[in-house]
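The structure appears below as structure tokens.
Throughout, a chain's letter reflects where its sequence line sits, starting with A, and its residues are numbered from 1.
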Amino acid sequence: MQERLSLIDLKVKIGKIIFKNSVLVASGTFGYGEEYSELFDLNRLGGIITKSVTLNPREGNPPPRTCETPSGMLNSIGLANIGIEKFIQEKLPFLRKFNTRIIVNVAGSTVDEYLQVVEKLNRAKGVDMLEINISCPNVVEGGMVFGSDPECAFRCVKSIRKATDYPLVTKLTPNVRDIGEIALAVEDAGSDCVSLINTLVGMAIDSKTKKPLLANITGGLSGPAIKPVALAMVWKVAQKVKIPVVGIGGITNTEDALEFLLAGASLIQVGTSNFIDPQTAIKIIEGLKNYCKGNKISKIKSLIGKLKIGD
Amino acid sequence: MQERLSLIDLKVKIGKIIFKNSVLVASGTFGYGEEYSELFDLNRLGGIITKSVTLNPREGNPPPRTCETPSGMLNSIGLANIGIEKFIQEKLPFLRKFNTRIIVNVAGSTVDEYLQVVEKLNRAKGVDMLEINISCPNVVEGGMVFGSDPECAFRCVKSIRKATDYPLVTKLTPNVRDIGEIALAVEDAGSDCVSLINTLVGMAIDSKTKKPLLANITGGLSGPAIKPVALAMVWKVAQKVKIPVVGIGGITNTEDALEFLLAGASLIQVGTSNFIDPQTAIKIIEGLKNYCKGNKISKIKSLIGKLKIGD
Amino acid sequence: MVFQKKVKLISSEKLTSDLFRLRFFCPEVAKGAKPGNFAHIRISQNTTPLLRRAFSIFDVDLKKKTFDILFKVVGLGTKILSEKKKGESLDVLGPLGNSFLISSKEQNLVLVAGGMGIAPLMFLASYLVKSEKIKREKISFLYGEKTKNNFVCLGQLKKLGVKTVLTTEDGTKGFKGKVTDLFLKRRIKLGIGKNCFIYSCGPQKMMKKMSELSKKYDLFCQLSLETHMPCGLGACFGCVVKYIKNDTTPLAGQATYKRICVDGPIFDAREVELD
Amino acid sequence: MVFQKKVKLISSEKLTSDLFRLRFFCPEVAKGAKPGNFAHIRISQNTTPLLRRAFSIFDVDLKKKTFDILFKVVGLGTKILSEKKKGESLDVLGPLGNSFLISSKEQNLVLVAGGMGIAPLMFLASYLVKSEKIKREKISFLYGEKTKNNFVCLGQLKKLGVKTVLTTEDGTKGFKGKVTDLFLKRRIKLGIGKNCFIYSCGPQKMMKKMSELSKKYDLFCQLSLETHMPCGLGACFGCVVKYIKNDTTPLAGQATYKRICVDGPIFDAREVELD
Ligand SMILES: Cc1cc2nc3c(=O)[nH]c(=O)nc-3n(C[C@H](O)[C@H](O)[C@H](O)COP(=O)(O)OP(=O)(O)OC[C@H]3O[C@@H](n4cnc5c(N)ncnc54)[C@H](O)[C@@H]3O)c2cc1C
Ligand SMILES: Cc1cc2nc3c(=O)[nH]c(=O)nc-3n(C[C@H](O)[C@H](O)[C@H](O)COP(=O)(O)OP(=O)(O)OC[C@H]3O[C@@H](n4cnc5c(N)ncnc54)[C@H](O)[C@@H]3O)c2cc1C
Ligand SMILES: Cc1cc2nc3c(=O)[nH]c(=O)nc-3n(C[C@H](O)[C@H](O)[C@H](O)COP(=O)(O)O)c2cc1C
Ligand SMILES: Cc1cc2nc3c(=O)[nH]c(=O)nc-3n(C[C@H](O)[C@H](O)[C@H](O)COP(=O)(O)O)c2cc1C
Ligand code: FES
Ligand code: FES
């Protein structure tokens, strides 16, 4: 008996939030949603994670801000964004119209800044969840610093936890010795789930000009090159924490998405691949549906963490 | 006035050791030298770093031990090697015949094991330098554990320092929060230089069989994919320590080598690329010579750390 | 409206040793493209090169529903593109970006192209001539190349009937010197002044020079800028240029970053800071 | 002696929908290659796929100084290889690995090929027949495929004059079943026993089965094994197989890992543990 496509259950529940499918688009790679809205129906996405928003507008780092590397890219955007006020006024109303989960990614240089942003979002409409970015490698203050020490991570997330009722997903940096330790800390602090990985610190040099290819010298490495690192970390964290894990890093197609689900991710995010093919997320949603159909799987969530180990 | 090729000085001095050029071959990717000796004249290399050797012979991890990833590969060899006795008896005599620097890479599960290996090497002939591997991601004990904590790294290197007169290069793992901190620790412990990076922990899954592609589940990522990470770390460490830095990670051609020199590496090691093109190191040596000629550089060491920052 | 489509390569023509012209069948872009717009093309299914490559629309044929790009082989991406064969399909995003401001008054128009800068400016020149709003005698086309053999489109320029002045860095054709030198020297003769519309595209250094000249002489000059563009859609903030608004609004004089892909690629030369 | 050389592709022939035969001009490999040896070929200058790909030597022509490989498109590397055109140059390392043990006695020889396993065994069969040490009547060639259309080299086998028995999994040609089933069924008829030399190559599962059968009946059977091979030279220890020495030396019975690239690819079926 073959499953009909419409009978396949792609839904995933995280806390009280139901995602219509496992595929989200990653912060910083999908703007504020509107940039992609002419290219496909945003309603089809499992969720949209907006570009990191900070208390005040940020211009970001000087250009050049991106360059290509083997199977990857470096960016040093530096959290350029319009600030929380404008975000709520100008961007949220558009996003709100869609029947998909809206996750606002929040960043700050101090815990207080995070709290002020969260405070303003508490009063906003149309937000389903907050992603706490304690992992940006491209800013001098805050960012990765919070995410690379378990105590700092705990304190930051705990304060936010107290300040809001929104479900929280904490976004972790791979630039640590033991990401499982940080994941445990933010679980303890009340994060509803963790997402990983943010970018790896990297650098590129033009041997002709002898200059770094990024004005900021170092940047964050993303794309297929980092997939093996992301997968190892997702697997490790999924075994360490009880809260759901959201997998990110070099996902470009259905097989990649399946690998992250098998490693223990409940949801996945498509990042850099949105640039390469804006339809990536949609193609993966279709691909997962067809995979379930082909393999007679009625609920996608039955795949989560089903990596086969041993013979 | 154009430099004649023969007048270009490719030599690099580390402590008392003179390398005829900047290009070495990395541990684990060049066997014991003999495997490549039919393909080119090993005398042309700046140096050969042998496969990690341990006190007792090691069979290594079960297969499959390698797989490909975008612009990279994973390996989980697990320090398979013939053990120090056999190494000294069977491999060193061959290596000794060549007019190139022989660096023996030493690994162990305990500090005592390192010391026993070093002890035996003290009495061996034909060794120029030891590379202390405190960064292998593929073994349960020792390996990366020593390299991911500054105190452990200090203790391990300090003990070895006391036990031998050989110049020491300590090989660092990138799987840490702050590699600069570890580099400082081993500098304090008396390491004559540091080499980086060893592989990044990574993983690959076959979505069809739902199994990891490596029997060991995780492995070490190497190849062009990791070059940006390696370059960032070399740059960071070169600014932090006073001892010379040896750059490793995804180096496949002359431009790559130049980038590492500019970032602050005194020497570079070719790893995975030996598999892709066994002539890589030779081509880079020629390439560096031609680069110097074309740019009227009489001494290659004048390039080290000459990254241009700012306008 | 932006489209993403698999489009068929109708023809690939090698114009010089490293310059290629590709023609795609794509009604949407052919119809929608304005001079200055660009297309963002996926070069390969491989992960290296990873990102799309941006190319100015060089020509459109409304009847045949095609658009053309003109490009130079400078790296792996353009190398691969130059090897594409007629009949292959490529994933194209377009038309993207803003477009040149087309004056409706009768005034002197000066197009200043350096090297590959010819691509968007040829489209603009054809458009201006075809639109018939502006007499072709009013249009000057300054075009500089390193050397004689690099010139392309000279026949087309002649056909358009615009006043064409050439320059080469090595003096093998036309004037000797850079096109910005020519621009400076001919400034008075060409009637370049406040009422003039200047359009320019070329290498980064040339754009910087044009920007400086425009500021110095307070000229209205539109530049078509280039940089690496991960998304091309305004989503990643990766493609910015330093921008200082040059008007009387409260924001005037304040430096910000603008995205070249959506706020440009066409900018007022007096409002950007290039290095 | 191992060589690394840029060698020219003399011809590329498509044999079935996904099977290709390439011929390279390379005096060194043509001269040095023995049945069982392989070549390690760099597929592309791109970083994906990164590593070389190993292919058994399928044929050599000493006069024309060429060697051939036969391969199936199974992934990106073999896809790219199938698109190489006559005249292109490829970087080849070879000949590598050990080779089949050639008996000098008159005895029954049985070659057992599954799918692509045909590649090294055809070279072996030609070699045996040409060497004239062994009467061709003594040679049996069991060859299994999924389905009829997959068979290749049937004409060649006929020409060689060896006793060929075919089997297909779907029964569309010859026997119905796997080649290992055929092997078992025909065991007695083919005179398979202790004095017989058996050579086999095929998919991992088949090699496992052949290994089990060899152990069970204590047969002398040489397997040609495959796995990912980063270096192909014995340097990386990446290509190992579990190995238990089957003799009377002190090491007998002790499990170690052997490198398929230099200690193999040819192994005694009774000495390896496959999964
Ligand atoms: C809006 C826009 C319109 C363009 N129009 C054209 C056109 O009509 N014709 C044409 O030939 N080129 C055009 N370009 C430039 C073109 O995109 C680059 O030449 C191309 O991306 C190079 O790709 P590659 O892989 O061959 O080179 P790479 O290997 O990526 O780079 C080779 C060299 O070119 C530089 N480079 C790469 N991309 C760019 C870029 N986008 N801008 C500036 N420098 C770059 C690199 O830093 C490097 O030095 C345009 C760029 C933009 C942004
Ligand atoms: C000594 C030796 C001799 C060989 N001789 C032949 C031959 O004569 N003809 C032939 O068609 N093939 C032969 N192979 C196998 C051939 O090397 C692989 O099919 C090829 O490497 C696949 O490359 P790919 O990029 O197309 O596939 P990939 O995309 O790398 O892989 C596709 C699938 O094949 C599997 N695979 C890849 N490489 C190997 C391998 N080396 N062994 C087993 N499975 C693999 C992968 O795990 C994956 O499931 C030989 C291998 C070895 C080691
Ligand atoms: C251009 C760019 C900008 C990014 N900006 C942000 C950001 O603002 N906040 C954030 O949490 N992550 C940001 N990221 C990280 C991505 O969300 C993602 O974690 C990372 O790129 C790894 O996934 P990928 O390999 O699929 O791109 C950015 C990534 C890129 C490439
Ligand atoms: C197959 C393989 C085996 C390795 N074995 C060792 C080893 O035994 N000891 C060691 O210090 N490093 C080992 N390495 C790490 C390399 O020496 C090098 O640090 C790493 O691969 C990064 O360089 P690359 O990208 O040029 O390969 C190994 C790497 C590979 C790919
Ligand atoms: S290229 Fe992404 S914002 Fe312009
Ligand atoms: S492939 Fe490297 S040892 Fe066999």
With only heavy atoms counted, which part of [X] is less than 4.5 Å from chain C, the side chain, the backbone, both or neither?
| X | result |
| --- | --- |
| A/Tyr36 | side chain |
| A/Pro64 | neither |
| A/Ile276 | both |
| A/Asn274 | neither |
| A/Glu34 | neither |
| A/Glu38 | both |

Working to the nearest 0.5 angstrom, can you tell me the gap between A/Met73 CE and C/Cys236 SG?
6.0 Å
Could you state the interatomic distance from CG (A/Asn61) to CZ (C/Phe237), rounded to the nearest 0.5 Å?
13.5 Å
For the [atom1] atom on [X], are there more than 12 heavy atoms of other groups (residues, nucleotides or ligands in this structure) within a distance under 6.0 Å?
| X | atom1 | value |
| --- | --- | --- |
| A/Lys91 | NZ | yes |
| C/Lys8 | NZ | no |
| C/Lys242 | NZ | no |

Extract all donor-acceptor atom pairs below 3.5 Å that involve side chains of residues 95-102 of chain A and protein atoms in other chains or at least two apart in sequence.
| unit_1 | atom_1 | unit_2 | atom_2 | d |
| --- | --- | --- | --- | --- |
| A/Arg96 | NH1 | A/Lys125 | O | 2.8 |
| A/Thr100 | OG1 | A/Leu45 | O | 2.7 |
| A/Thr100 | OG1 | A/Gly46 | O | 3.4 |
| A/Thr100 | OG1 | A/Gly47 | N | 3.3 |
| A/Arg101 | NE | A/Ile18 | O | 2.8 |
| A/Arg101 | NH1 | A/Asp128 | OD1 | 3.0 |
| A/Arg101 | NH2 | A/Ile18 | O | 3.3 |

Bottom line for C/Thr227: the part with an atom under 4.5 Å from chain A's heavy atoms is neither
Among C/Ala255, C/Pro230, C/Gly234, residue most engaged with chain A (heavy-atom pairs, under 4.5 Å)
C/Pro230
Applying salt bridge (Lys or Arg N to Asp or Glu O under 4.0 Å), name anything that partners C/Arg21, two or more places apart in sequence or on another chain.
C/Asp59, C/Asp68
Counting heavy-atom pairs under 4.5 angstrom with chain C, the leader among A/Gly250, A/Pro62, A/Gly60 is A/Pro62
When you compare the side chain of A/Phe30 with that of C/Cys231, does any pair of heavy atoms fall below 4.5 Å?
no
What parts of residues 79-98 of chain C touch chain A if we use heavy atoms and a cut-off under 4.5 Å?
C/Asp91, C/Leu93
Residue by residue, scan residues 37-58 of chain C and write down, ordered by number, those that have a heavy-atom distance under 4.5 Å to chain A; if none do, write 'none'.
C/Arg42, C/Thr47, C/Thr48, C/Pro49, C/Leu50, C/Leu51, C/Arg52, C/Arg53
Strictly distance-based, threshold 3.5 Å: is any side-chain N or O of A/Glu59 a donor or acceptor partner for the main-chain N or O of C/Thr256?
no
Whether the side chain of A/Arg65 engages the backbone of C/Val240 through a donor-acceptor N/O pair (distance < 3.5 Å, no angle test) should be reported.
no
Which atom names give the shortest non-hydrogen contact between C/Ala235 and A/Thr29, and what distance separates them?
CB-O, 4.4 Å
Note: C/Leu233 and A/Pro278 closest approach over all heavy atoms is CD1-CG, 4.4 Å
